[in-house]
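These numbers come from a predicted model, not from an experiment.
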Amino acid sequence: MKKAILFITILHSIATYAQTLVTDTISVRQLNEVVVKGEKPQVRGEDGIMVVDLPGIVKDKPVNNILEALGYLPGVTNNNGMIGLAGASNVTIFLNGELTDMPLRNLYQLLYATPVDRLKDVEIMYSAPAKYHVNGAVINVVLKTPTPLDGLQGQVRAGYNQAHYGSYGAVLSATYAIKDWTFDLNYGLTRSKSWNREETWSNHLYDGKRTMIEDDMRRIGQNWNNTIFASSSWKTIKLTYNGQITSDSKSLGLSSGTLGNYTNNYNMLSPVGYHNIALRYTAPFGMTVGGDYTRYSENRSQSLFKETDYLFGSENRQEIDRWHVYIDQQHQFGKWQLNYGMEYKHSKDHSSQLYSLSDNPDFDNILNEDVASLYVGTQRSFDWGLSFNVSAKGEYYHNKYQNNRNFIPQLGATYYKTPKSIFQINLSTQRIYPSYWELHGGTSHINDYSTVIGNPELQPYIQYDAQFNYILKQKYVATLYFQYGDKTTVQLPYQSPAALNLIYQTINMNYERVGGLNLHAPFNLGYVWSATATANIMNRRAKANHFHDISFDNSKWIFYGSLTNSFKFSQNCPLSVSLDFSYISPSLQGIADLSSIWKIDAGVKWQFGKKSCCELDLKADDIFNKWSPTMIISHAGQDYRMKVSDMSRNLKLTFIWRFNGFKPKNVEIDTSRFGTGK
């Protein structure tokens with residue numbers, strides 16, 4: 001007992017002496033200020049998924065909508081508004097883990113109307129699990145969820161875009177939550193006017209001799225576009241409406257050249273309408289049940305004139321009704337998760353094409369399509385660093401032309417022991433179906449020489465993708481990938497040997513194969529300069545034994561590089577400047593060779609007002625107008641060249657006002673099958 005008391009006394013004496021020593025030391029010597037700086041990880045890896053802090057990446061960029069922001073994701077390119085993912089043959093865009101199931105151009109319009117301030121983060125899935133009801137790669141845009149404490153939040157955005165012609169528009173976005181209810185509204189209205197130019201030289205071999213046919217085509221288009229996204233949820237029930245109405249839509253094609261002067265008038269006889277309503281319920285025992293209905297309608301006329309003489313015309317009509325239902329179940333057994341489910345889609349496509357003063361046959365068809373699938377999958381995380389998800393899906397596809405039964409496996413795995421090194425592997429398979437309109441075999445004339453023809457014999461093709469990702473220090477990403485499209489499709493011009501006729505028709509090739517390495521490296525110099533370098537080196541090969549009546553085997557090494565830069569004059573400076581460079585070496589598309597292209601973009605972002613509630617963005621894209629390729633076909637008697645110009649240079653001015661605390665934090669879908677303009 002005495003020993004214990006003595007031991008406690010000694011400890012008390014030591015503690016008292018130490019406290020006195022520390023107190024005396026601090027009293028005579030003040031420590032310098034200590035600043036601990038932390039950096040939020042840009043990329044995290046889990047279950048084969050890359051989670052990217054996109055709001056932090058674009059915070060100093062003159063970016064105000066989600067569509068533009070996606071171009072700054074690792075491995076993602078935004079090519080004139082078309083989103084691509086390095087190492088993936090195509091990519092589907094989700095909103096909050098839900099498939100929008102809308103045409104690609106409508107989805108992009110919705111993303112353009114959604115403010116970047118709504119972003120929470122973005123998930124990149126090179127191989128989406130079957131429970132998402134989509135095959136292949138997915139970019140999942142995760143939006144912030146409003147809470148009752150936030151009250152009414154929103155922003156108003158207005159902008160003007162000067163390309164060859166001026167376009168303008170405005171967007172209202174608002175969120176509100178009260179008790180168990182949440183509401184979300186996005187409404188955008190834009191007036192667009194476009195212009196592009198195509199110069200072609202077709203050295204056509206016919207009847208044993210060459211005939212040079214030159215053409216200079218200018219296309220002018222305009223429309224009003226209304227975009228509506230409205231969502232309401234109560235506890236675990238969610239109702240969503242997506243709507244887009246395009247009105248006053250007109251386009252004019254002016255062609256002049258060897259064959260004379262032609263005018264092609266395209267008019268929408270009624271507004272183009274896309275309407276989708278979806279209902280989703282999540283039960284507390286892991287079951288999710290949902291369904292949606294889509295209605296699409298389009299009625300377009302074409303009139304072709306040579307000089308002032310009316311040659312012929314047509315009226316194209318398409319009405320699509322599509323129903324989709326699904327049920328998913330998820331179970332948790334310790335660290336194992338089991339999920340399984342089923343879905344069914346039925347679509348009714350009523351399309352027609354009626355001609356006047358033309359020998360082309362009319363058609364008025366109803367095409368029914370059914371897709372049913374069952375899947376089972378599992379995922380697991382191990383303490384020693386491995387996590388994975390694996391699934392298998394059986395799919396049945398039916399229309400009047402074909403019946404297909406498909407087995408679709410999927411694997412995504414991550415090895416993550418320390419934040420310094422993350423390894424991921426992804427394997428996926430998907431079947432890609434042609435557009436509805438192409439299966440009807442309709443015909444459209446550009447002029448007396450050039451014709452666009454549908455293909456009822458067009459087959460869906462199978463796409464195999466594999467990727468290996470290495471993420472270093474949660475910032476640097478290297479992606480080694482391989483893609484193989486069995487019977488993949490392509491639409492390219494073909495000089496007919498039977499007549500002076502240039503044919504555009506989508507056909508199946510033998511295959512297209514791509515293998516490459518994509519590198520993504522962000523770096524910075526304090527707060528003054530932040531940059532991201534991207535390099536993608538790939539080998540692309542396309543082969544067809546029957547491209548109409550010829551064959552080709554085309555391959556090429558291709559390089560894509562970009563450097564994005566942001567500059568600030570001080571840490572809290574409300575003004576930031578961006579300067580971006582991009583380059584693509586000579587590439588290919590099927591039988592065609594494409595020239596190299598490059599561009600320089602620049603922008604200024606200024607935040608001002610109380611709590612930075614206002615923002616002014618000025619951005620110039622493709623300043624030197626060099627982001628348009630020249631296409632050359634020179635093989636097996638084909639001799640054709642097309643130069644595309646003046647499509648991508650534009651100047652954008654955007655003003656944003658945020659209300660009730662909707663301020664920035666300083667921290668895409670399957671290919672469209674809708675439309676008659678194929």
Notebook entry, point to check: Taking the side chain as C-beta and beyond, is there a heavy-atom pair between Val134 and Phe94 under 4.5 Å?
Noted result: yes
Checklist line | Backbone of Leu427 reached by a side-chain donor or acceptor of Ser127 within 3.5 Å | finding: yes
Next item on the list: Give a yes or no answer on whether the side chain of Ser585 reaches the backbone of Phe559 with a donor-acceptor pair at less than 3.5 Å.
Entry: yes
Check: Can Asp328 and Lys131 be counted as an ion pair, charged N to O under 4.0 angstrom?
Finding: no
Next item on the list: Please assess Asn469 against Thr479 for the test side-chain hydrogen bond (donor to acceptor under 3.5 Å, both in side chains), listing each intermediate value before the final yes or no.
Entry: CA-CA 4 Å; Asn469 298 316; Thr479 302; 2.8 Å; yes
Margin query: I want to check something: taking the side chain as every heavy atom from C-beta on, are Leu110 and Gln244 in contact at a cut-off of under 4.5 Å?
Written below: yes
Next item on the list: Check whether any side-chain heavy atom of Ser373 lies under 4.5 Å from a side-chain heavy atom of Tyr375, and answer yes or no.
Entry: no
Check: Would Lys345 and Trp323 count as a side-chain contact (heavy atoms from CB on, under 4.5 Å) if you check the C-alpha gap in whole Å, the side-chain angles of each, and the deciding distance to 0.1 Å?
Finding: CA-CA 6 Å; Lys345 288 183 182 181; Trp323 296 265; over 6 Å; no
Check: Would a line drawn from the ring center of Tyr397 to the ring center of Tyr433 be shorter than 6.0 Å?
Finding: yes
Note to self: Taking side chain to side chain contact (heavy atoms under 4.5 Å, CB included) as the criterion, tell me which of Val58, Asn65, Leu54 meets it with Val116.
What the structure shows: Val58
Margin query: When you compare the side chain of Val52 with that of Ile57, does any pair of heavy atoms fall below 4.5 Å?
Written below: yes
Next item on the list: Walk me through it: do Tyr293 and His275 pass the test ring pair (Phe, Tyr, Trp, His ring centres under 6.0 Å)?
Entry: CA-CA 8 Å; Tyr293 167 72; His275 306 277; 9.6 Å; no
Notebook entry, point to check: If you measure only the distance, is there a donor-acceptor pair under 3.5 Å linking the side chains of Ser173 and Asn186?
Noted result: yes
Check: So Asp321 and Lys348, salt bridge (Lys or Arg N to Asp or Glu O under 4.0 Å) or not? Walk me through it.
Finding: CA-CA 5 Å; Asp321 295 284; Lys348 178 184 177 183; 5.9 Å; no
Checklist line | pair Leu279-Thr240: side-chain heavy atoms closer than 4.5 Å | finding: no
Next item on the list: Please lay out, stage by stage, how Leu439 and Asn399 fare under the test side-chain contact (heavy atoms from CB on, under 4.5 Å).
Entry: CA-CA 10 Å; Leu439 293 176; Asn399 65 19; 4.1 Å; yes
Check: To the nearest 0.5 Å, what is the distance between NZ (Lys652) and CG (Asp621)?
Finding: 4.5 Å
Next item on the list: Start with the C-alpha gap between Gln430 and Ile408, add the side-chain angles, then the distance that decides, and say whether side-chain contact (heavy atoms from CB on, under 4.5 Å) holds.
Entry: CA-CA 6 Å; Gln430 59 181 314; Ile408 304 172; 5.5 Å; no
Checklist line | Rounded distance (nearest 0.5 Å) linking atom CG of Leu458 with atom OG of Ser435 | finding: 8.0 Å
Checklist line | Within-4.5 Å side-chain heavy-atom neighbours: Trp234 and Thr182 | finding: no
Item checked: Ion pair Asp383/Lys335, N-O distance below 4.0 Å -> yes
Note to self: Checking Tyr511 against Tyr484 for the ring pair (Phe, Tyr, Trp, His ring centres under 6.0 Å) test, could you report, in this order, the C-alpha distance in whole Å, the side-chain angles of both residues, the deciding distance, and whether it holds?
What the structure shows: CA-CA 7 Å; Tyr511 65 83; Tyr484 186 88; 5.3 Å; yes
Check: So Tyr396 and Asp370, side-chain hydrogen bond (donor to acceptor under 3.5 Å, both in side chains) or not? Walk me through it.
Finding: CA-CA 8 Å; Tyr396 172 72; Asp370 296 280; over 6 Å; no
Checklist line | Ion pair Arg118/Asp184, N-O distance below 4.0 Å | finding: yes
Notebook entry, point to check: Is the backbone of Ile277 close enough, under 3.5 Å, to the side chain of Asp292 for a donor and an acceptor to pair up by distance?
Noted result: no
Notebook entry, point to check: Could you give the distance from CZ (Arg322) to CD (Glu369), rounded to the nearest 0.5 Å?
Noted result: 8.0 Å
Next item on the list: For the residue pair Asn518 and Tyr560, confirm or rule out a side-chain donor-acceptor distance under 3.5 Å.
Entry: no
Next item on the list: Take Lys599 and Asp601 through the test salt bridge (Lys or Arg N to Asp or Glu O under 4.0 Å) and record every step on the way to the result.
Entry: CA-CA 7 Å; Lys599 67 173 180 174; Asp601 305 330; 3.6 Å; yes
Check: Relative to each other, are the rings of His324 and Tyr326 parallel, tilted or perpendicular (30° and 60° limits)?
Finding: tilted
Note to self: Assess the residue pair Glu512 and Arg540 against the criterion (salt bridge (Lys or Arg N to Asp or Glu O under 4.0 Å)); give the C-alpha distance rounded to whole Å, side-chain angles, the decisive distance to 0.1 Å, and a yes or no.
What the structure shows: CA-CA 7 Å; Glu512 184 174 60; Arg540 181 183 295 272; 3.4 Å; yes
Checklist line | side-chain contact (heavy atoms from CB on, under 4.5 Å) assessment of Asn64 paired with Arg157 | finding: CA-CA 9 Å; Asn64 49 66; Arg157 185 174 90 229; 3.5 Å; yes
Item checked: Carboxylate-amine/guanidinium contact Lys61 Asp580, below 4.0 Å -> yes
Next item on the list: Given salt bridge (Lys or Arg N to Asp or Glu O under 4.0 Å), test Lys144 with Asp150 step by step and report yes or no.
Entry: CA-CA 11 Å; Lys144 298 172 185 173; Asp150 297 326; over 6 Å; no
Check: Any cation-pi pair here, Arg380 with Phe382, using under 6.0 Å and within 45°?
Finding: yes
Note to self: Run the side-chain hydrogen bond (donor to acceptor under 3.5 Å, both in side chains) test on Asn339 and Gln329 for me, step by step, so that the C-alpha distance in whole Å, both residues' side-chain angles and the decisive distance to 0.1 Å come before the verdict.
What the structure shows: CA-CA 6 Å; Asn339 49 77; Gln329 179 64 55; over 6 Å; no
Notebook entry, point to check: Would you say the side-chain atoms of Thr378 pair up with the backbone N or O of Gln337, donor to acceptor, closer than 3.5 Å?
Noted result: yes
Note to self: Taking side chain to side chain donor-acceptor pair (under 3.5 Å) as the criterion, tell me which of Thr429, Asn426, Asn389 meets it with Gln410.
What the structure shows: Asn389
Note to self: Over 60° means perpendicular and under 30° means parallel, so tell me whether Tyr415 and Trp384 are parallel, tilted or perpendicular.
What the structure shows: tilted
